[in-house]
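Working notes for the structure below.
Within every chain, numbering begins at 1; the chains are lettered A, B, ... in the order of the sequence lines, protein sequences first and strands thereafter.
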There are 2 protein chains.
Amino acid sequence: MARSLPTVYEVAQRAGVSTATVSRVLAGNDRVKPDSREKVLAAVSELGYVPSGAARDLAARRTGVLGLCFPDLAGDQDAESAEDTTFWYDEVIRGMERAARRRGYAVLIAASHASDDVELVTQVAGRCDGMVVLARTVSVPVLERIAQRIPLVMLAGPREGAEQGHDIDHLVVDNTAGAKALTGHVVGFHGRTAPAFLGGVDSADSDARFEGFRAAVAEAGLVPGDRPAAVGDFTTAGGARAVEGLLAAGGRPDALVCANDQMAIGAIGALRAAGLSVPEDVAVTGFDGIQLGRHTRPSLTTAVQPMKLLGESAVRLLEERAAEPGRPSQTVELQVWIELRGSCGCDGPGA
Amino acid sequence: MARSLPTVYEVAQRAGVSTATVSRVLAGNDRVKPDSREKVLAAVSELGYVPSGAARDLAARRTGVLGLCFPDLAGDQDAESAEDTTFWYDEVIRGMERAARRRGYAVLIAASHASDDVELVTQVAGRCDGMVVLARTVSVPVLERIAQRIPLVMLAGPREGAEQGHDIDHLVVDNTAGAKALTGHVVGFHGRTAPAFLGGVDSADSDARFEGFRAAVAEAGLVPGDRPAAVGDFTTAGGARAVEGLLAAGGRPDALVCANDQMAIGAIGALRAAGLSVPEDVAVTGFDGIQLGRHTRPSLTTAVQPMKLLGESAVRLLEERAAEPGRPSQTVELQVWIELRGSCGCDGPGA
DNA sequence: TTGTAGGCGTTATCAG
DNA sequence: CTGATAACGCCTACAA
């Protein structure tokens, strides 16, 4: 595709030095006579030289690129609902990009559409110095193979096999504590007596949050169910559908603790459509702390994930393992913090 | 960084074939005896082989990666305000990723922090088959150099030099028509008589939108100013500040046409804080059609950019130029559509 | 259908 | 400080 154009050789020739010197100048901090340096730089700019990343990577055995793979949740759905489905991933992408850039890396992203997962993820893996994979993107065996080649951290999701000594590192947040605090606030401070949990299908994170919910409910002297009152697919539309189903089935919660923000927002819409008001009739809480939640009306009470720290921790884990490939697999758990806003009945700034 | 591990040679040996055969199998659709294919596949999986992207790219002269560079608007600001600054970029990133994936590419992203722009952008350029650069990311001369090597399309922003025969393609939306329609609706349908334009600093897009504003105002028999009533930096916070300044200076518009959605949202907040109601006292419109605008209260009337189409068009332009490197530089202009919601006084779905 | 061998553009190791 | 030169891991004619 790319037109073949100037290579180090042309630059070297034009500058009257060897390719080695050109390489040194471009590498930056090597010892080369200022004079030669200038000549090289001049040649580079005159020729419009752009080094080949492929050749550089091959020779240097490092790419300066970190990979980020996430599930293509929207892939199977209609375009409409696909739109509002990825706020959480957006923030992860941004967070990673910033943290990576600060450490000198670019970020290669790819969503996997379930079917072609192995293909794409492997391709990405072959191009970077380390990669972050979000939960539910691709099967663990595939990840293990990749982790055998480059540092790999799994973000969120189950830590299955973590004890089996493979070399995937894990980065998670304290889901249980967050959900417990949220639930405790709603039943404790706001005195709700019929709280329900809106879970996400097939998700270790949702499960952990549900555990937090149950713990708080039990502590309040109430009896929690042993399963979420309803489940959705983590999207706004899914949250709305779940609530519709719950109401249709006769459910009448006075508080709804949701597995993530997007479903909470959908839930609020559905509750309203059913003639219920939030937070008066039903207090609602989310999880994640996506930006959108600050701007909705009512604004969303939620457990905020430390995005910046997540990105930085991921990069750090990657670098640490790169430096010491054989070290035991490690799990880092970050804290979340609760932000009380309008949807639970609190009136924080902008509620 | 990466541990050195199995190469084609090991795979070939283990499968009892030549590296050429391994390569063919991995490439997919070549003619190789089913028997050999199986043996190769087995060896691959037993060895946990992951091909080196660098070596592959170097030999194949193509990477299967498209680059996407955008300005790091948030870089210079405090962490707080940095958060709500990139909704538009998020959507572009998503749109590109989807369109690219559909065509078999992964996406390499990098934000440039103004200072180190050349470095980073060049590095990205060296690693992909083509790249998209958002307006205001890096200087045109640098872009021209890169465009000399790989297909490059500039998204939004000025088309300066487009007539000078360089080979950068441009992808834009009809800013003027969008702003004109929005303004026309506010002054025409809603009968506002004192509309003001909230512009963005140093932006060809904002300028074009302002032109649309002026045209509509003039057509309504009113007298438009020759400069925006206020300007911001395209962020929510910037929009709020701009409105505060406008009001402090005695401005009392009954309609505010904003250069983008984020500023419009900030503006609404500031208007409210000043005791004015939206849309009753002041009708507000945005531009871009970010998802957030659907969820705010009131929801935001805006000109929606066709994100999906933008991504697809960008990839198409890249591929076309790759196929025919010497073709003349091309500009594609996409239409926007107006969505009337609550902030202008209309009550669309969910207003 | 399969194997052989040369080359892709840089970096890095050595001598000078 | 600088210059040859051997990798780097894979692809792809070309030949068999």
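Taking every heavy atom of residues 41-57 of chain B and every atom of DNA chain D, pairs under 4.0 Å involve B/Y49, B/P51, B/S52, B/A55, B/R56, by number.
Taking all atoms of both residues into account, the shortest heavy-atom contact from A/P6 to A/Y49 is O-CD1, 3.4 Å.
Comparing C/dG3, C/dT10, C/dT11 against the side chain of B/S18 picks out C/dG3 as the nearest. When each of C/dC14, C/dA5, D/dT5 is scored by its nearest atom to the side-chain atoms of A/R24, the top-ranked nucleotide is C/dC14. Between D/dC8, C/dT4, D/dT2, one nucleotide has an atom nearer to the side chain of A/A59 than all others, and that is D/dC8. In this structure, of D/dC10, C/dA12, D/dC1, it is C/dA12 that holds the atom nearest to the side chain of A/A60.
In this structure, B/R14 does not pair ionically with B/E10, as no charged nitrogen and carboxylate oxygen lie closer than 4.0 Å. Using a 4.0 Å cut-off between charged nitrogen and carboxylate oxygen, A/E312 and A/R102 count as a salt-bridge pair. Remark: B/R94 engages A/D90 in a salt bridge, criterion side-chain N to carboxylate O under 4.0 Å. Looking at A/R321 and A/D169, a side-chain N of the basic residue comes within less than 4.0 Å of a carboxylate O on the acidic one, giving a salt bridge.
Backbone-only contact: A/V17 has heavy atoms under 4.0 Å from sugar-phosphate atoms and none from a base. Backbone-only contact: A/T21 has heavy atoms under 4.0 Å from sugar-phosphate atoms and none from a base.
Considering only heavy atoms from C-beta on, B/L155 stays 4.5 Å or farther from B/H170 through its side chain.
Between D/dC10 and B/S23, no contact under 4.0 Å exists linking OP1 or OP2 to a side-chain N or O. Side-chain N/O atoms of B/S36 include one lying less than 4.0 angstrom from OP1 or OP2 on C/dT2.
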